[in-house]
Amino acid sequence: MPVAVLVLSALGCFASALGGVRGQDRTTEAAPARALDDAALRAACFDLLGRPPLEAERTAWLGRARHEFLDHWLGRRETWSQWVEEQLYYFFLIDNFRPENERVGELPQLLAAAKLDVRSAIHRIALSPSFDQRNPGADTFVTVVMEQLNGLRVQKNVRELEVGKAMYDGHPGAFLGKSGATQADLLRIAIEDRSFVQQLVAREYRRIVRTEPDKTELALNVRRFQRDPAVFRALLREWMLSEAWDARVRSRTSAPNRIWIAALHVDLLGREPLPEESRRLRTALDGLSDTGPLRSVLARVLIDSGQVRLPEKAQIEDPTQWIAGLFTRLLGRAPSPAELRTFVTVFHEPECRPHTVLYALVTHPEYQTY
Amino acid sequence: MPHNPDRSLERVSSFASDRRAFVLGAAAGALALPALARGSLLAAQERKTKHVVLVAFAGGVRTRETFGAPSNVPTLEALAKEGVLYKRVKSSNLGHFGAALSIFTGISEARGIRENARGGDPTLFEYVRKDAGLRASDVWISTSGGAQQTNYSYGLHPDYGARYGANTVDGDGLFNAEFKSILEAWGRPRALPAKEAELLGRMRGAIGGGSAGSGEDSARVEKYILDELTSGTADIRGANAADAKAIRVARNLLVLFKPKLVSIVLQQADAAHGSYNGYLEIIRRNDEALGELWRAVRADQELRDSTAFVILPEFGRDADLNSRRGLDHGDGSNDLEYVTATCWGPDFARNRIVEEDVQAIDVCPTVCELLGASATKARGKRLPKLFA
């Protein structure tokens with residue numbers, strides 16, 4: 001384990017121990033290590049749950065230690081449900097190709113209970129009829145297996161492609177150095193190969209931390225995973241307690257459509273979108289190279305739909321506090337003095353409604369990042 | 001939903017002012033071009049071609065089922081008789097995504113078959129927008145293959161990129177009954193009074209020091225999307241529904257916006273993996289839909305003598321049926337690696353058949369030249385024997 005991680009883990013244990021002896025009066029306590037502020041809590045929820053925190057979760061977790069949050073959520077079905085969704089999207093097993101069978105459906109529960117590891121979970125996904133239908137024919141199937149599971153370019157591995165295609169068609173051969181004679185053998189060999197672990201650990205690191213993994217650390221983590229695939233949960237925890245993840249919180253990138261849709265529902269309606277709502281909106285947004293205009297339309301349509309509960313203007317006693325609260329809740333940061341000054345000035349104009357303030361925040365490009 | 005001609009007229013009228021704004025913007029942009037690009041632009045201005053429709057008749061389509069059996073593709077056949085037919089166009093089996101991208105970049109480049117990321121090379125959309133000073137609203141891609149195909153709009157080359165990208169619309173993803181039903185349930189956005197709109201702009205402008213942009217083009221696209229949702233495109237059904245929507249969207253874009261470049265990327269012929277007959281049916285229906293597009297162009301006074309078509313598959317399919325009586329793509333045969341390209345337009349030769357080998361990557365520099373741009377990074381060259 002890298003030194004930095006050991007130190008962080010120790011800090012985490014220390015904070016945890018503090019938590020164990022805490023009394024009722026929290027104001028007398030030292031701040032927990034890596035306390036969750038709005039930005040970190042919002043980022044952590046996006047990374048693990050695919051959505052921002054619900055209001056009750058904000059109340060429960062703001063100011064608490066990040067490791068406590070991770071220890072709680074890494075054992076929850078919701079986290080692994082989101083992880084499975086990410087994998088399905090990675091394999092483009094969406095819409096008509098989404099696996100609906102029981103063996104894939106039970107993955108989040110099994111992963112949360114640590115009764116299955118992520119390698120076995122991906123193996124199940126790849127064995128589903130949907131994966132086969134999504135990638136029809138020997139050439140497509142073997143190409144996708146090599147590229148997406150093993151991170152191999154088929155143009156540079158023509159021999160493996162040809163052997164794989166023959167194996168897919170039922171002919172014996174040695175694929176990635178191991179013998180097999182069926183489509184199932186092909187998948188098993190691909191998933192047991194070191195290149196699969198390398199590809200999985202690297203792409204998951206990129207997804208969570210948003211940078212390329214350090215080569216030495218990646219090699220170490222690949223070895224750890226090969227010894228015991230169950231270590232993946234610990235890897236996620238380490239990554240999200242690292243300084244690199246702190247940097248990820250500070251950097252923002254364009255939110256994928258599925259994340260933006262979840263954020264809009266949680267932030268405006270106080271609930272997650274239903275799967276069908278999410279799918280319909282995501283399919284529409286995925287059909288555009290520049291989703292900004294349609295996202296703005298959808299945000300405004302939702303605000304105008306009457307489903308979003310907003311106070312009457314006269315009921316807002318302290319507009320400065322109300323506006324600052326919207327900034328932290330929706331953008332994960334406090335407004336700058338200039339932003340606050342402009343918003344408060346505009347708010348006092350008779351034509352400005354609370355809706356207008358909300359439009360400004362959720363249709364702004366910053367809200368479309370995470 | 002039945003088509004409502006009054007509604008179409010209303011939309012044409014409302015877009016007319018947008019159109020004038022586009023023309024003025026393009027003219028202003030041309031003045032700021034470097035000398036080389038200005039030279040290409042001047043050469044293009046002497047041609048009759050002012051609009052190009054580039055169709056990636058993709059999903060893997062063999063010549064055997066098109067010009068090898070002309071009754072399947074009467075539209076392509078008619079276009080070829082009035083234009084130029086390239087019988088041997090070398091393509092590369094780079095997966096559907098990579099092979100179609102090669103048509104747009106002019107570079108055969110291996111891409112992951114399910115890779116959902118942009119390429120590193122500029123596309124013809126970027127060349128055309130940069131060199132000809134076109135706005136995003138003048139360059140469109142209409143696709144049928146979902147999220148992955150939005151990556152065609154631009155690459156990541158530092159000299160080009162997003163600021164020169166095309167508008168991409170996936171007809172099936174956007175214009176479908178399910179999405180329409182959500183918008184109907186939520187309602188339309190409330191039109192803001194002028195003062196409230198101004199206040200909104202002030203607040204948006206203040207966030208992050210004012211990085212929201214003008215949104216002028218965005219507003220036009222917003223309006224187009226909302227109008228298209230009510231035009232009947234969302235209700236298209238059938239074996240080739242996604243492809244048909246892509247063609248329908250392109251037709252509406254052409255007639256309403258008169259853009260310089262519209263590209264269409266079809267995909268559903270890939271049903272061939274599991275059904276040869278289904279594949280044939282999709283080819284026939286797509287040809288029929290292209291016929292409607294062609295008729296719409298010829299019926300339009302501005303477009304009929306100024307629009308060129310370039311149509312080709314990204315690659316073919318295997319020579320022999322697979323065990324499911326379908327057709328895969330991976331045998332390295334001539335059926336897979338050579339396709340046919342059809343070119344029709346006011347500057348092109350008529351009824352000419354070119355027997356010599358050309359390449360699919362030659363399309364990018366050819367289209368760029370037609371529109372006054374120079375595909376400087378492309379490795380293809382202009383299609384030979386094209387012009388009259």
Side-chain angles (χ1 to χ4, degrees), chain A residues 90-92 94-95 133 135-140 143-144 147-148 153-156 165 169 257 276-277 279-281 283-290 292-294 296-298 300-305 307 331 336 338-339 341-343 346 349 351-353 356-357 359-361 363-366, chain B residues 93-95 110 112-116 136 141 143 146-148 150-151 153-154 165-174 176 178-179 181-183 186-190 193 195-196 199-200 202-204 206-209 211-213 215 218-219 221-222 225-226 273-274 322-323 326 328-330:
Chain A
Y90 172 71
F91 292 115
F92 268 127
I94 54 178
D95 302 332
Q133 287 157 11
N135 305 300
D139 192 68
T140 303
T143 299
V144 167
E147 288 180 347
Q148 292 210 282
R153 272 266 182 260
V154 290
Q155 288 80 5
K156 292 180 181 171
K165 283 161 64 176
D169 285 331
N257 293 322
E276 268 307 289
E277 287 175 323
R279 185 182 65 75
R280 291 174 183 187
L281 292 170
T283 305
L285 287 164
D286 279 354
L288 292 164
S289 55
D290 176 8
L294 187 56
S296 291
V297 168
L298 292 173
R300 284 187 49 197
V301 165
L302 189 55
I303 292 169
D304 290 343
S305 70
Q307 299 178 53
L331 303 182
S336 70
E339 288 170 333
R341 198 164 44 245
T342 303
F343 269 68
V346 168
E349 297 268 357
E351 292 85 356
C352 182
R353 301 174 297 141
T356 324
V357 177
Y359 289 156
L361 288 167
T363 64
H364 191 271
E366 185 175 336
Chain B
N93 181 23
L94 301 168
I113 196 168
R114 299 275 176 256
E115 196 167 321
N116 190 10
I141 316 172
T143 67
Q148 192 183 33
T150 59
N151 293 307
S153 59
Y154 60 88
N167 276 302
T168 307
V169 178
D170 185 84
D172 198 39
L174 190 53
N176 61 65
E178 292 180 331
F179 181 58
S181 72
I182 284 194
L183 283 192
W186 286 359
R188 287 242 174 166
R190 174 179 179 268
K195 178 65 179 175
E196 188 180 357
L199 296 175
L200 172 61
R202 270 170 65 188
M203 285 189 285
R204 276 172 54 90
I207 298 173
S211 55
S218 295
V221 176
E222 280 176 23
I225 290 167
L226 289 171
H273 283 292
N322 61 27
S323 57
D328 297 332
H329 44 82

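Quick note on labels: first sequence line is chain A, next is B, and so on, each numbered from 1.
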- Evaluate the side-chain proximity of A/T140 to B/H329: yes if any heavy-atom separation is below 4.5 Å, no if none is.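 Yes, side chains in contact.
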
Region of [X] in contact with chain B, defined by heavy-atom distances below 4.5 Å:
| X | value |
| --- | --- |
| A/N135 | both |
| A/R341 | neither |
| A/L298 | both |
| A/Q133 | neither |
| A/K156 | neither |
| A/S336 | neither |
| A/Y359 | both |
| A/I94 | neither |
| A/V154 | neither |

Mind ranking [options] by heavy-atom pairs under 4.5 Å with chain B and telling me who comes out on top?
| options | answer |
| --- | --- |
| A/R353, A/E276, A/R279, A/E277 | A/R353 |
| A/T342, A/T143, A/V357, A/D286 | A/D286 |
| A/R153, A/Q155, A/E366, A/E349 | A/R153 |
| A/D139, A/L285, A/N257 | A/D139 |

- N/O donor-acceptor pair under 3.5 Å between B/N322 side chain and B/H273 backbone: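 Indeed, once roles are kept as given, a pair shorter than 3.5 Å links the two residues.
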
Could you look at [X] and say if it's the side chain, the backbone, both or neither that has a heavy atom under 4.5 Å from chain A?
| X | answer |
| --- | --- |
| B/S181 | side chain |
| B/S153 | side chain |
| B/L199 | both |
| B/D328 | side chain |

- Message: Under the side-chain hydrogen bond (donor to acceptor under 3.5 Å, both in side chains) test against B/T143, which residue among B/T168, B/N151, B/D170 passes?
- Response: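 Only match with B/T143 under side-chain hydrogen bond (donor to acceptor under 3.5 Å, both in side chains): B/D170.
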
- Can B/V169 and A/L288 be said to form a side-chain contact (heavy atoms from CB on, under 4.5 Å), step by step? CA-CA 5 Å; B/V169 178; A/L288 292 164; 4.0 Å; yes

- Task: Identify the heavy atoms of B/A136 and B/N167 that sit nearest to each other, and give their distance.
- Result: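 Minimum heavy-atom contact is O-ND2, 3.0 Å.
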
- Which heavy atom in A/F92 sits nearest to a heavy atom in B/Q148, and how many Å separate them?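 Taking A/F92 first and B/Q148 second, the nearest heavy atoms are CZ-CB, 3.9 Å.
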
- With distance as the sole criterion, is a donor-acceptor pair present between the side chains of A/R300 and A/T363 under 3.5 Å?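 The answer is no; no qualifying pair exists.
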
